[in-house]
Amino acid sequence: MKATIMAWIAEQLPLVFRILRTVRPILRIGNNFVVTRYDDVRETFLNDAAFRVPYAGKLDVIMGHQPFFLSMDDTPEYRRDTGAMRKVVQAADIPQRLAPEVERLGEMIVTESNGSLEVVDALVRRITFELYAGYFGVTDPPGGDLRVSATRLFEFQFADGGNDPSLRTEVDVMAPALRDHIQNLMDARRTSGLSQDDVLGRCLVMQAQGVPGFSDDQIRSSLMGFIVGGPPQPPMVVPQALEQLLRRPDALEGAQQAARAGDDKLLAGYVFEAMRFDPLAPFLTRTSVKVASIAKGTSRSTDVPEGASLYVAFSSAMMDERRLTDPLTFNPRRLPHEYVHFGYGLHQCFGIHMNNALLPLMLKALLKRKNLRRAEGSRGKLRKRGAFSETLYVNYD
């Protein structure tokens with residue numbers, strides 16, 4: 001019953017946001033503020049000095065109190081650590097290594113499935129974790145499953161607003177186990193002298209050269225952050241994009257034509273436009289650390305007190321008719337600035353370039369197939385558990 005109620009509430013949010021954008025663009029309820037318009041969402045994300053990310057507490061649990069840049073302000077430490085990781089997570093890897101591997105895995109999975117496929121786990125989650133486990137150099141922990149550990153830790157960090165005690169019990173076991181596992185991988189590489197061109201291997205090379213930002217603690221926390229913050233996302237949002245395409249036969253046909261023609265740019269347009277109608281989350285949260293204003297000088301100007309919680313509705317921003325032409329119309333040729341899928345400003349997703357290139361390719365092999373359609377009955381409809389996609393079955397010739 002609770003899941004049904006939550007699903008119903010989620011379905012009503014687009015209408016609620018549409019009303020708020022007109023009558024109360026910045027809604028205050030007690031010490032909570034909901035920011036709904038495109039301009040105000042971007043302004044809030046850019047004002048890190050006043051509106052900070054609220055991730056530090058749970059990240060401390062996951063990381064064992066080792067700092068990670070996701071929770072940092074714009075400090076020298078933040079710039080050092082992000083700069084260090086950009087040395088080992090390289091843009092050239094996307095076209096040369098990652099994109100071809102996504103296409104290879106997708107084609108293999110779709111071919112092996114022989115006309116019937118479960119999209120969430122068997123396609124997207126499998127592609128994502130096989131891809132990134134190899135790229136980051138982080139294997140399954142002994143006796144464990146990286147997919148389970150990473151997803152539960154992601155849920156604890158980003159989707160556990162109620163502070164579920166049973167989830168915390170799991171996290172208190174999984175987080176130290178994953179930290180120890182990554183440390184053991186680092187130690188084993190050094191002991192063996194094995195040279196391997198993955199992110200872990202590159203980090204160890206930088207460490208051996210004395211490059212700042214590559215202590216064991218920094219390497220371990222960065223790899224933890226990448227594994228927890230990255231791979232759990234595609235199995236959430238890519239099936240949602242396919243669900244939106246399946247609801248729109250013309251859009252589905254256009255996406256299939258783009259996939260068959262090898263037009264990856266147009267294919268991405270279809271997938272990210274589909275995601276706009278059901279994005280990764282309705283909002284991201286921020287915490288006010290000092291008195292600040294949003295939309296100052298306008299009729300909707302709002303003063304936010306210190307200690308307030310902000311719900312920055314990027315899903316609403318992507319439907320704001322003040323900045324998007326015909327936002328209720330499916331348009332796969334929208335401009336990049338019209339999307340706010342992966343945040344904005346200082347804490348925009350570190351892997352945004354990977355997401356932009358790779359998420360559409362996870363559906364490419366499937367979209368190439370003829371007569372792509374939902375499976376019969378309830379299996380052919382996307383089933384979700386809170387923010388998480390669970391199952392979606394499709395058939396094809």
Side-chain angles (χ1 to χ4, degrees), residues 91 93-113 115-120 122-128 131 233-280 318-319 324-342 349 351-375 380 382 389 392-397:
D93 292 331
I94 297 173
Q96 294 175 7
R97 179 173 179 172
L98 298 175
E101 182 65 3
V102 170
E103 293 207 49
R104 184 192 71 80
L105 287 169
E107 187 62 39
M108 180 185 71
I109 293 167
V110 172
T111 299
E112 289 176 350
S113 297
S116 180
L117 178 63
E118 195 287 303
V119 174
V120 180
L123 180 66
V124 181
R125 184 169 284 117
R126 181 179 170 186
I127 290 175
T128 304
L131 178 78
Q233 293 187 43
M236 298 169 66
V237 74
V238 174
Q240 293 175 186
L242 181 58
E243 167 68 25
Q244 293 300 314
L245 291 173
L246 290 167
R247 294 182 185 185
R248 299 170 173 83
D250 290 346
L252 177 61
E253 177 60 27
Q256 291 195 269
Q257 289 179 5
R260 291 167 186 156
D263 189 340
D264 292 343
K265 181 178 180 180
L266 182 56
L267 174 61
Y270 276 98
V271 172
F272 288 118
E273 180 70 353
M275 284 171 52
R276 190 171 66 85
F277 288 87
D278 191 3
L280 186 64
M318 290 189 288
M319 288 290 179
L324 278 76
T325 302
D326 297 325
L328 297 180
T329 299
F330 191 103
N331 178 3
R333 291 177 172 81
R334 293 190 183 274
L335 299 176
H337 74 269
E338 297 182 85
Y339 296 116
V340 200
H341 285 304
F342 307 112
C349 177
I352 184 171
H353 301 300
M354 291 183 181
N355 286 341
N356 285 337
L358 302 181
L359 296 192
L361 296 181
M362 294 182 185
L363 293 176
K364 185 176 180 180
L366 182 60
L367 289 169
K368 286 181 179 181
R369 268 44 185 190
K370 294 181 179 179
N371 197 21
L372 176 62
R373 61 200 184 277
R374 298 180 187 275
L382 179 66
S389 297
L392 173 60
Y393 289 85
V394 295
N395 295 331
Y396 48 92
D397 293 345

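Since we're looking at a predicted model, the values are computed, not measured.
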T128/V102 under side chain to side chain contact (heavy atoms under 4.5 Å, CB included): CA gap, chis, key distance, verdict: CA-CA 8 Å; T128 304; V102 170; over 6 Å; no

Would you name the heavy atoms of [X] and [Y] that are closest together and state the gap between them?
X	Y	answer
I94	P100	O-CD, 3.9 Å
A99	P95	CB-CA, 4.5 Å
P239	P234	CD-O, 3.4 Å
R125	S389	NH2-O, 4.4 Å
P360	N356	CD-O, 3.6 Å

Pairs under 3.5 angstrom only: tabulate donor-acceptor contacts from the side chains of residues 264-272 to other protein residues two or more places apart or in another chain.
residue: D264; atom: OD1; partner: K364; partner atom: NZ; Å: 2.9

Using the side chain to side chain donor-acceptor pair (under 3.5 Å) criterion, which residues pair with [X]? Sequence neighbours excluded.
X	value
N395	S116
R247	E243
R276	E273
Q244	R248

R373/E253 salt bridge by N-O under 4.0 Å criterion: no

Can you measure from [atom1] ([X]) to [atom2] ([Y]) and round to the nearest 0.5 angstrom?
X	Y	atom1	atom2	result
K368	L366	NZ	CG	11.5 Å
F342	N355	CZ	CG	4.0 Å
L242	M362	CG	CE	13.5 Å
N331	L324	CG	CG	9.5 Å
L123	I127	CG	CD1	4.0 Å

Using the side chain to side chain contact (heavy atoms under 4.5 Å, CB included) criterion, which residues pair with [X]? Sequence neighbours excluded.
X	result
E112	M108, R126
E101	R104, L105, L131
R97	Y135, D197, D198, R202
D250	none

Residues in ring-ring contact (aromatic ring centres under 6.0 Å, His included) contact with Y339, at least two apart in sequence or another chain: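 For Y339 the ring-ring contact (aromatic ring centres under 6.0 Å, His included) partners, ignoring immediate neighbours, are H341.
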
Member of L245, L280, L382, V120 meeting the side-chain contact (heavy atoms from CB on, under 4.5 Å) criterion with Q240: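 By the side-chain contact (heavy atoms from CB on, under 4.5 Å) criterion, Q240 pairs with just one of L245, L280, L382, V120: L382.
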
Any side-chain heavy-atom pair of M318 and F277 under 4.5 Å: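 The answer is no, as the side chains (C-beta and beyond) never meet within the 4.5 Å cut-off.
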
A255 backbone acceptor or donor facing R260 side chain under 3.5 Å: no

Test salt bridge (charged side-chain N to carboxylate O under 4.0 Å, His left out) applied to D326 - qualifying residues, sequence neighbours left out: none

Within 6.0 Å of NE2 in H353, more than 12 heavy atoms from elsewhere: no

